[in-house]
Enquirer: 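Pasting a structure here, questions to come.
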Number of protein chains: 2
Amino acid sequence: MNTSISRELPMTADELTELAKLYHIDGWTQEALAQRFDVSRVKIGRLLKRAVSEGIVEICVRLSHPPDRTAALEQALIARFGIKRAIISVDHRDAERQRELLAGLVARYLDQRLGDTSVVAVGMGRNVSAVPRQVVARQHRHCTFVCAIGGSYRGGEAMNADQTCRRFAERFGGESVTLYAPAIVANRDTRDALMANDTVRQSLTRAQQADMALVGVGDILEDSNMVRMGWFTQEEINAVRRLGVVGDIMGYDFIDMDGALADTPLVGRVIGLTIEHLRHIPDVIATASEPTKVGGILGALRTGTIDTLATTESIAETVLGLDQSRRAGGD
Amino acid sequence: MNTSISRELPMTADELTELAKLYHIDGWTQEALAQRFDVSRVKIGRLLKRAVSEGIVEICVRLSHPPDRTAALEQALIARFGIKRAIISVDHRDAERQRELLAGLVARYLDQRLGDTSVVAVGMGRNVSAVPRQVVARQHRHCTFVCAIGGSYRGGEAMNADQTCRRFAERFGGESVTLYAPAIVANRDTRDALMANDTVRQSLTRAQQADMALVGVGDILEDSNMVRMGWFTQEEINAVRRLGVVGDIMGYDFIDMDGALADTPLVGRVIGLTIEHLRHIPDVIATASEPTKVGGILGALRTGTIDTLATTESIAETVLGLDQSRRAGGD
DNA sequence: ATACGCGATGATCAAATGTTCATCGCGTCG
DNA sequence: CGACGCGATGAACATTTGATCATCGCGTAT
């Protein structure tokens, strides 16, 4: 068996970076690079491919509607829900792609807004964690990304705000502040004890004083994150749903379609910002790219805590329609 | 005059978006799109280009490693001054440490470049003499280090090219060639006599034929090397400065901020390579780590003899800014 | 020592994309 | 009405990139 790396492409990460720069940034042709470095063009191609696969270069495509296209939708959302602005992405069939498309727009929005003193509270969820991957910062800053919720070993990386924070800090520059506490604890007493802890307290205080917050909106489905993370059993989810809960903000604040907070087994057991805290943050960005979340989004909008809604075109339309019908039909 | 938009590419912004999505996100080929929309492939290409120019799609490339400031700085320097490359160190408060940091990068660069037949002409100055100390050669070579200027007993070791040459030869392997002549003589006649000397002549000829040259850039301050070496009195320095001289290359070729050679009491009295000689050396590396030298560096760059500039990040930025302002403001 | 596996390598071919140029349609101006 | 300007258009060509495959070098197992 050949266990050792018998032959390696003899290029350091530095050289790969240089190569990638010349190709992608300076627009050299592969042929030119081949002559410059005295290897075959094929090899240059392979090295460039490797630079991508190793994450040395990332190429991201941002697709946004021409302004006027979404302007009407945005205006409607603003008028209807009192939010400050909307970030609306093009629709896409594939859920993963859709998330990336939306995340790209959110990343660009952050790139516009973040300054050297900015503090961003970061929630959890796939839509939130997809954002840092799409960041292409124009310049490095010295901003701060603070976890808005504690950690959890279940549910994968996407569910870990501190991972997302770190990636943000890496991309935009600045530091990340981890909330050194589990996301969820057994009971209220444990929570109170943790909240009294200095380290926890300090992190949370910084999060509360953030200039911006980036949070996800969730739905309540059998396979939702809540179940995957083991916070709810299937039965609990069903029970909660029967109470009229349609979604969550940040992954743990459950709401019904009128934006009212629901009483769930989680209340008082989560270490993180509450909806009340979010109210005091000047720009709360809520992102959701899945059509199943329309109910949750409507509820979230109606809580009045959201300043910027990031979602897809069709979801925005559906939410507006849903709101319309519920106003008309009563319920 | 044709004021109206006579013929418009008959595609709405929406269709453009759709097109861009299919191409960039879903990976369709232009040919396929052409058939799908029943237009020529060329037109698809043009529409896609338009989608970019109208901001519907944004394609950004991120280099993860340091695509950092120094890469951008290097590009700017290359574009502005026509040099071949820049070696840029991070900033450091302490002048001595700064010199070492920069010298380390230069040493590494030499280590990359030097082959068995390489001949390097070596100038004088603290920045040059700091380089051999930083050398950690991957392997020994048989290259040659030739003094680009004669010797002098004043000013200390750093001012002695032959000392620096010997150290280089020690570290990289190979031999050093001393220029057996004083750096400066009383008058032109003496110089001419020395230049006629066989030994001197041979050394200088080898220096002229070098593949690379490593030279320092100096400033014109009261405590500069020139004074310390006794080549200039304080008054002479002041006089020269009043003529617009801002620095020197190699320690004796004085230049103003436009890169023009200045007439000083030294002209015709130095035994060493002139700027003209440098022009014929394929890779002239100029190093300078002191912020007081920005003017001199600008002048040096403008002489057009420099191929590789080694300096610090902040100096590089300042030089670019200085060049900018002088271009804009005239004079 | 020899055969074999494995990945790197570059020649060669195929596909995709970019560029150029002659032409066309349409509106304007004389 | 016709000449002209202007931009759009697509055919033809050039360039660039991607894919395939035979070969090679090197380490390992037989």
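Per chain, numbering begins at 1; letters A, B, ... match sequence-line order.
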Enquirer: Please enumerate all protein N or O atoms sitting under 3.5 Å from an N or O of nucleotides 16-19 of chain D, with distances to 0.1 Å.
Expert:
from, atom 1, to, atom 2, distance (Å)
D/dT17, OP1, A/Tyr23, OH, 2.8
D/dT17, OP2, A/Thr29, OG1, 2.8
D/dT17, OP2, A/Gln30, N, 2.9
D/dG18, OP2, A/Gln30, NE2, 3.2
D/dG18, O6, A/Arg41, NH2, 2.8

Enquirer: So which heavy atom on B/Ala86 is nearest to which on B/Leu77, and how close?
Expert: CB-CD1, 3.8 Å
Enquirer: Start with the C-alpha gap between A/Arg167 and A/Glu170, add the side-chain angles, then the distance that decides, and say whether salt bridge (charged side-chain N to carboxylate O under 4.0 Å, His left out) holds.
Expert: CA-CA 5 Å; A/Arg167 295 219 171 111; A/Glu170 218 171 78; 5.8 Å; no
Enquirer: Measure CG/A/Asp38 against P/C/dT9 and give the value in whole Å, please.
Expert: 13 Å
Enquirer: Could you list the residues that satisfy salt bridge (charged side-chain N to carboxylate O under 4.0 Å, His left out) with A/Arg133, not counting sequence neighbours?
Expert: none
Enquirer: Given A/Ser89, which partner from the list A/Glu313, A/Gln98, A/Arg99 fulfils the side chain to side chain donor-acceptor pair (under 3.5 Å) test?
Expert: A/Gln98
Enquirer: Using whole Å, what does the distance between atom P of nucleotide D/dT9 and atom CZ of B/Phe37 come to?
Expert: 15 Å
Enquirer: Find the distance A/Gln35:CD to C/dG10:C1' and express it as a whole number of Å.
Expert: 15 Å
Enquirer: Going by side-chain hydrogen bond (donor to acceptor under 3.5 Å, both in side chains), name the residues that satisfy it together with B/Asp283, two or more places apart in sequence or in a different chain.
Expert: B/Arg85, B/Tyr109, B/Thr308
Enquirer: Pair up each side-chain donor or acceptor in residues 30-41 of chain A with any protein partner under 3.5 Å, not counting sequence neighbours, and list the distances.
Expert:
from, atom 1, to, atom 2, distance (Å)
A/Ser40, OG, A/Lys43, N, 3.2

Enquirer: Mind jotting down which residue pairs meet the side chain to side chain donor-acceptor pair (under 3.5 Å) criterion with at least one end in residues 51-61 of chain B? Sequence neighbours excluded, please.
Expert: A/Arg108-B/Glu58
Enquirer: Please round to 10 degrees the angle between the axis of the first five pairs and the axis of the last five pairs in the helix from C/dA1-D/dT30 to C/dG30-D/dC1.
Expert: 0°
Enquirer: Can you find a heavy atom in the side chain of B/Asp111 that is under 4.5 Å from one in the side chain of B/Arg141?
Expert: yes
Enquirer: Tell me: CZ of B/Arg46 to P of C/dG18, nearest whole Å?
Expert: 12 Å
Enquirer: Are any of A/Lys43's side-chain N or O atoms less than 4.0 Å away from OP1 or OP2 of C/dT9?
Expert: yes
